[in-house]
Amino acid sequence: MNIKNITEIQDQALQEVEAASDADALEAVRIRYLGRKGLLPDLMKQLKDVEPAQRPEAGKRLNELKNAFQERFEARKTELEKAPSPADKTTFDVTLPGSWRGLGKKHPITQLMERAIEIFHSLGFTVADGPDIETAFHNFDALNHPPGHPARDETDTFYLSDGDLLRTHTSPVQVRYMLAHKPPVRIIAPGRCYRRDTPDATHSANFHQIEGLYVDRQVSLADLKGDLTHFAHEAMGPKTKVRFRPHFFPFTEPSVEVDFSCHVCAGDGCRVCKQSGWIEIAGAGIVDPNVFEAVGYDTREVTGYAFGMGLERMAMVLFGITDIRHLYENDLRYLGQF
Ligand code: DAH
């Protein structure tokens with residue numbers, strides 16, 4: 001080590017401090033020179049090997065190096081702290097077009113559900129809901145399903161290990177609501193349902209229904225027909241025809257199935273309605289007295305109608321969707337059309 005050496009090292013060190021472009025780089029320079037294993041402590045150790053005549057001068061120069069370094073280091077540090085971050089420095093051309101990320105859309109089922117809620121709201125219905133995981137009591141027993149009823153079968157219903165199940169329809173919400181509220185009742189209950197169906201163009205193991213329940217003095221089948229016909233006209237268009245066919249459900253007597261004329265072909269027959277001109281939309285009927293007894297309503301005081309409509313069917317006809325699976329494949333290019 002000699003004096004000339006120290007001067008060179010100092011020049012180099014100060015240059016590096018100046019070149020450090022951020023706090024991390026600057027700290028790395030400091031460690032390289034002043035750190036415990038850095039260059040300067042190392043030079044200090046070598047002082048004892050310097051010729052005695054030159055030692056005081058070398059020691060003085062080393063101290064100067066250290067001070068100069070520290071001074072420049074602090075100055076650079078303050079400078080970097082004040083400097084704008086690289087992001088602030090970027091200038092951009094305000095006349096360039098922005099990047100368009102596209103607007104989100106509601107899923108067709110959500111659109112239809114919201115519209116249905118709106119229509120029934122105008123008829124005085126409020127929205128009720130219940131859990132997707134149901135007890136057999138709410139899903140079957142209270143709805144007058146006898147013990148051996150085929151709908152209870154494991155081949156049709158998803159059971160959980162504790163005996164509860166994924167609701168197979170929205171009808172258990174009727175039971176829950178009536179157990180908690182006295183009549184009169186006027187509710188709809190939209191929601192998800194689950195059945196062990198093999199998926200194909202018109203079946204999905206997971207689908208949506210809207211349940212309706214109207215209980216008061218002297219509610220009749222005429223009220224049901226009037227309200228569902230009004231709904232069909234509002235939801236599907238004023239030309240929609242509505243047809244009621246006798247049917248059977250354990251929880252209604254009499255029971256009907258409700259068909260809407262096909263929206264796609266206006267009743268002429270097409271692929272969507274399988275050439276019949278009609279689409280089966282809902283099951284409905286007059287609430288069976290056994291259901292009222294299960295929830296503690298007085299069957300001499302009140303009567304009621306109930307219905308359960310399939311939302312997927314309606315969405316398919318309304319939007320011209322030919323395969324129910326398209327609704328659940330989450331292809332945004334497809335779903336974005338509606
Ligand atoms: N829960 C029935 C189903 O999923 C539909 C239904 C029929 C609901 C008659 C009702 C009703 O409320 O009264 O097939």
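Hydrogens, waters and symmetry mates play no part in the numbers below; they use all other heavy atoms, side chains included. Order of listing sets the numbers, starting from 1, for every ligand and every atom in it.
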Path from Y177 to I133 over hydrophobic side-chain contacts below 4.5 Å: no
Whether K225 engages the ring of F244 as a cation-pi pair (distance to the six-membered ring centre under 6.0 angstrom, angle to the ring normal within 45°) should be assessed. yes
Need the ligand 1 atom indices (1-based, order shown) with element for anything under 4.0 Å from a heavy-atom of E211. 8 (C), 10 (C), 12 (O)
Just distances here: any N/O of G283 and N/O of ligand 1 closer than 3.5 Å? no
Considering R195, R167, H247, Q174 one by one, which has a heavy atom nearer to atom 4 (O) of ligand 1 than any of the others? R195
In ligand 1, which numbered atoms sit nearer than 4.0 Å to a non-hydrogen atom of G308? 6 (C), 8 (C), 10 (C), 12 (O)
Should T168 be counted as touching ligand 1, given the test is an N or O pair under 3.5 Å? no
So the atoms of ligand 1 within less than 4.0 Å of a heavy atom of Q209 turn out to be 3 (C), 4 (O)
Given the rule in the salt bridge (Lys or Arg N to Asp or Glu O under 4.0 Å) test, do R152 and D141 qualify, once you have shown the distances and angles that lead to the verdict? CA-CA 10 Å; R152 294 174 177 260; D141 300 324; 2.4 Å; yes
Minimal non-hydrogen separation, R195 against F207, with atom names: NE-CZ, 3.6 Å
Decide if the gap between the ring center of F338 and the ring center of F319 is smaller than 6.0 angstrom. yes
Within reach of ligand 1, part of S171 (heavy-atom separation under 4.0 Å): side chain
